Amino acid sequence: MKIATWNINSLRVRLAHVLRWLDANHPDVLALQETKTEDRNFPVVEFEAVGYSAAFCGQPTYNGVALLSPLTMEVFATALPDYHDAQKRVLGASIGGLAVLNLYVPNGQSIDSDKYHYKLGWLAQLNQWVATLLKKHSQLVILGDFNIAPEDRDVYDPQAWAGQVLVSEPERAAFRKLLQIGLKDSFRLFQQMGGHYSWWDYRAAAFRRNQGLRIDHILLSPALADLSRAIVIDREPRGWERPSDHTPVMVELGV
DNA sequence: ATGGCGCGCGCAGCGCGA
């Protein structure tokens, strides 16, 4: 199975990119974030035409998550449990015997903002939930835009970024908690070097200069980590015309 | 050099993302 994540920064604008990428890669699951699309406008027909069914949880203008798969999907969550949040950032579904949880973690804006505290609270609630999910599902995938660069090797200029949102210690501690309860960062199962990123600023030719951050992740339960075969950060779509500022990350599993 | 781009909304220019 091939399972991928991609923040596409508006599905309406990037639909052709998503279709092109599906055709080239044929993932069994593609998790999308920042669809920015209301459910009634979701392009169900366009995906069905290429053999993918869709599950989605959207809102106007902001946020929005979706799962695409040729397999049958049974949605089990569209929000964090017991947590009041109007923002559509969560979509969990059972797909091909796996529990797949697609997340668009809050950005946080800056460490002195209300949005930062919302992010930390959201992550705390996520951590509680994931602990119970992990007990229930031996084959669990948690993937998406985490808006956290876990370590300095995931940051192009750690000194410039030190202490800022996306790399601050409380955010990194929340990410490490997910690893401490048993999840594996699939990328680090295969690659230890720095310089591998999933997001680059649109400005200042950041992609050309590889000035990016690794903030999009695929976390695997121990049983799935044992079955993982390869990980790819596909930089190609970032070079297409009018690209998303994120690029797809895909793991291959021997299931 | 702290801007720089691109999105939605909606028709000017702002809020937001990372």
Side-chain angles (χ1 to χ4, degrees), chain A residues 5-18 21 31-43 56-66 85-90 102-123 126 143-172 174-175 187 194-217 233 235 237-249:
Chain A
T5 180
W6 193 6
N7 179 323
I8 36 87
N9 186 16
S10 170
L11 182 55
R12 185 180 66 82
V13 172
R14 230 72 67 190
L15 177 59
H17 283 201
V18 177
W21 196 81
L32 301 174
Q33 304 85 37
E34 283 206 84
T35 54
K36 299 185 178 181
T37 303
E38 289 175 80
D39 289 349
R40 61 187 170 89
N41 295 328
F42 197 92
F56 38 85
C57 183
Q59 66 184 88
T61 310
Y62 301 116
N63 311 312
V65 282
D85 186 5
Q87 302 186 23
K88 304 300 188 186
R89 300 178 173 278
V90 174
N102 178 15
L103 301 177
Y104 176 46
V105 176
N107 171 280
Q109 196 168 56
S110 65
I111 61 165
D112 56 1
S113 73
D114 291 344
K115 294 190 179 73
Y116 181 74
H117 296 288
Y118 163 63
K119 180 180 192 173
L120 294 182
W122 196 98
L123 286 165
L126 173 71
L143 77 175
D145 179 358
F146 284 72
N147 272 316
I148 301 170
E151 301 176 52
D152 279 354
R153 60 181 164 164
D154 303 309
V155 180
Y156 74 92
D157 186 347
Q159 287 173 340
W161 277 90
Q164 295 194 54
V165 73
L166 311 187
V167 310
S168 75
E169 182 48 33
E171 294 165 82
R172 285 179 165 178
F175 187 86
F187 185 78
H196 295 274
Y197 309 125
S198 64
W199 169 87
W200 302 262
D201 201 308
Y202 283 119
R203 299 167 293 185
F207 179 60
R208 182 175 57 74
R209 299 194 282 169
N210 197 31
Q211 296 184 340
L213 303 174
R214 194 175 70 90
I215 55 176
D216 299 271
H217 307 298
I233 298 179
R235 295 162 57 100
R238 190 61 174 78
W240 294 345
E241 193 174 344
R242 293 184 80 195
S244 169
D245 44 356
H246 297 250
T247 208
V249 181

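What you are looking at is a predicted structure, and each value in this text was computed from that prediction instead of being measured. Lettering of chains follows the sequences in order, A, B, ..., and the numbering in each one begins at 1. Just so you know, these numbers use all the heavy atoms, side chains as well, and skip hydrogens, waters and symmetry mates.
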Problem - Atom-to-atom span, CZ of A:Phe207 to C1' of B:dG6 - whole angstrom - result: 16 Å
Practice task
Under 4.0 Å between any heavy atoms, over every strand shown, what does A:Asp201 touch: base, sugar-phosphate, or nothing? Just pick one.
Solution key: nothing
Handout entry: Between B:dT2 and B:dC16 - P atom distance, rounded Å
Key = 23 Å
Exercise for the section: Evaluate the side-chain proximity of A:Ile148 to A:Leu123: yes if any heavy-atom separation is below 4.5 Å, no if none is. Expected result: yes
Exercise for the section: Using atom CD of A:Glu171 as one end and atom C1' of B:dG17 as the other, report the distance to the nearest whole Å. Expected result: 14 Å
Handout entry: Residue A:Lys36, side-chain atoms from C-beta onward, closest of B:dC7, B:dA18, B:dG4
Key = B:dC7
Fill in the blank from the handout: The answer to which of A:Asn107 and A:Pro60 contacts DNA chain B further toward the 5' end, by nearest nucleotide, is A:Pro60
Practice task
Scan A:Phe146 against the nucleic acid and name what it touches under 4.0 Å (heavy atoms): base, sugar-phosphate only, or nothing.
Solution key: nothing
Exercise for the section: Look at A:Arg14 and B:dC7 and indicate whether a side-chain polar atom (N or O) is within less than 4.0 Å of OP1 or OP2. Expected result: yes
Problem - P gap between B:dC9 and B:dG4, integer Å - result: 23 Å
Practice task
Using the P atoms only, state how far B:dG8 lies from B:dG3, rounded to an integer number of Å.
Solution key: 25 Å
Fill in the blank from the handout: Applying the 3.5 Å cut-off to both distances, the Watson-Crick or G-U partner of B:dG10 turns out to be none
Exercise for the section: Give the C-alpha distance, both sets of side-chain angles, the deciding distance and a yes or no for salt bridge (charged side-chain N to carboxylate O under 4.0 Å, His left out) between A:Asp245 and A:Arg203. Expected result: CA-CA 10 Å; A:Asp245 44 356; A:Arg203 299 167 293 185; over 6 Å; no
Practice task
State which of B:dC7, B:dA18, B:dC16 makes the closest approach to the side chain of A:Tyr104.
Solution key: B:dA18
Handout entry: Under 3.5 Å on both distances, the Watson-Crick or G-U partner of B:dG17
Key = B:dC5
Exercise for the section: Please work out if A:Glu34 contacts a base, only the sugar-phosphate, or nothing of the nucleic acid, heavy-atom cut-off 4.0 Å. Expected result: sugar-phosphate
Practice task
Using a 4.0 Å heavy-atom cut-off across all strands, classify A:Val13 as base, sugar-phosphate, or nothing.
Solution key: sugar-phosphate
Handout entry: With A:Thr5, the side chain to side chain contact (heavy atoms under 4.5 Å, CB included) member among A:His217, A:Gln33, A:His246
Key = A:Gln33
Exercise for the section: Check every atom of B:dC5, B:dC16, B:dC7 against the side chain of A:Ser10 and return the nucleotide holding the closest atom. Expected result: B:dC7
Exercise for the section: Starting from C1' on B:dG17, measure out to OH on A:Tyr118 and report it in whole angstrom. Expected result: 14 Å
Problem - Any A:Asn147 side-chain N or O less than 4.0 Å from OP1/OP2 of B:dA18 - result: yes
Fill in the blank from the handout: Rounded to whole Å, the CD1-P distance (A:Ile148 to B:dG17) equals 15 Å
Problem - Min side-chain heavy-atom separation A:Asn9-A:Lys36 under 4.5 Å - result: yes
Exercise for the section: Would you indicate which nucleotide in B:dC7, B:dG17, B:dG4 comes nearest to any side-chain atom of A:Arg209? Expected result: B:dG4
Problem - Separation between CG of A:Asn102 and CG of A:Leu32, rounded to the nearest 0.5 Å - result: 7.5 Å
Exercise for the section: Tell me which nucleotide among B:dC9, B:dA18, B:dG4 gets nearest to the side chain of A:Ala204. Expected result: B:dG4
Practice task
Could you check if a side-chain atom of A:Asn147 sits within less than 4.5 angstrom of a side-chain atom of A:Tyr104, using non-hydrogen atoms only?
Solution key: yes
Practice task
Kindly point out which of B:dA18, B:dC5, B:dG8 is positioned nearest to the side chain of A:Arg12?
Solution key: B:dG8
Handout entry: Protein-nucleotide distance (A:Arg203, atom CZ; B:dC5, atom P), rounded to Å
Key = 8 Å
Handout entry: Span that lies between the P atom of B:dG17 and that of B:dA1, in whole angstrom
Key = 29 Å
Fill in the blank from the handout: A:Asp157 CG to B:dT2 P, in whole Å, measures 16 Å
Handout entry: Pairwise P distance for B:dC14 and B:dG10, with rounding to whole Å
Key = 16 Å
Exercise for the section: Starting from C1' on B:dA18, measure out to CG on A:Leu166 and report it in whole angstrom. Expected result: 5 Å
Handout entry: From A:Ile233, A:Val249, A:Leu143, residue fulfilling side chain to side chain contact (heavy atoms under 4.5 Å, CB included) relative to A:Asp216
Key = A:Val249
Practice task
Report yes if a side-chain nitrogen or oxygen of A:Asn7 is closer than 4.0 Å to either non-bridging phosphate oxygen (OP1 or OP2) of B:dA18; otherwise report no.
Solution key: yes
Exercise for the section: Give a yes/no answer on whether the side chain of A:Arg242 brings an N or O atom under 4.0 Å of OP1 or OP2 in B:dC7. Expected result: yes
Handout entry: Spacing between A:Gln109 atom CD and B:dT2 atom P, to the nearest angstrom
Key = 20 Å
Handout entry: Sugar-phosphate only, base, or nothing, as touched by A:Asp216 at under 4.0 Å among non-hydrogen atoms
Key = nothing
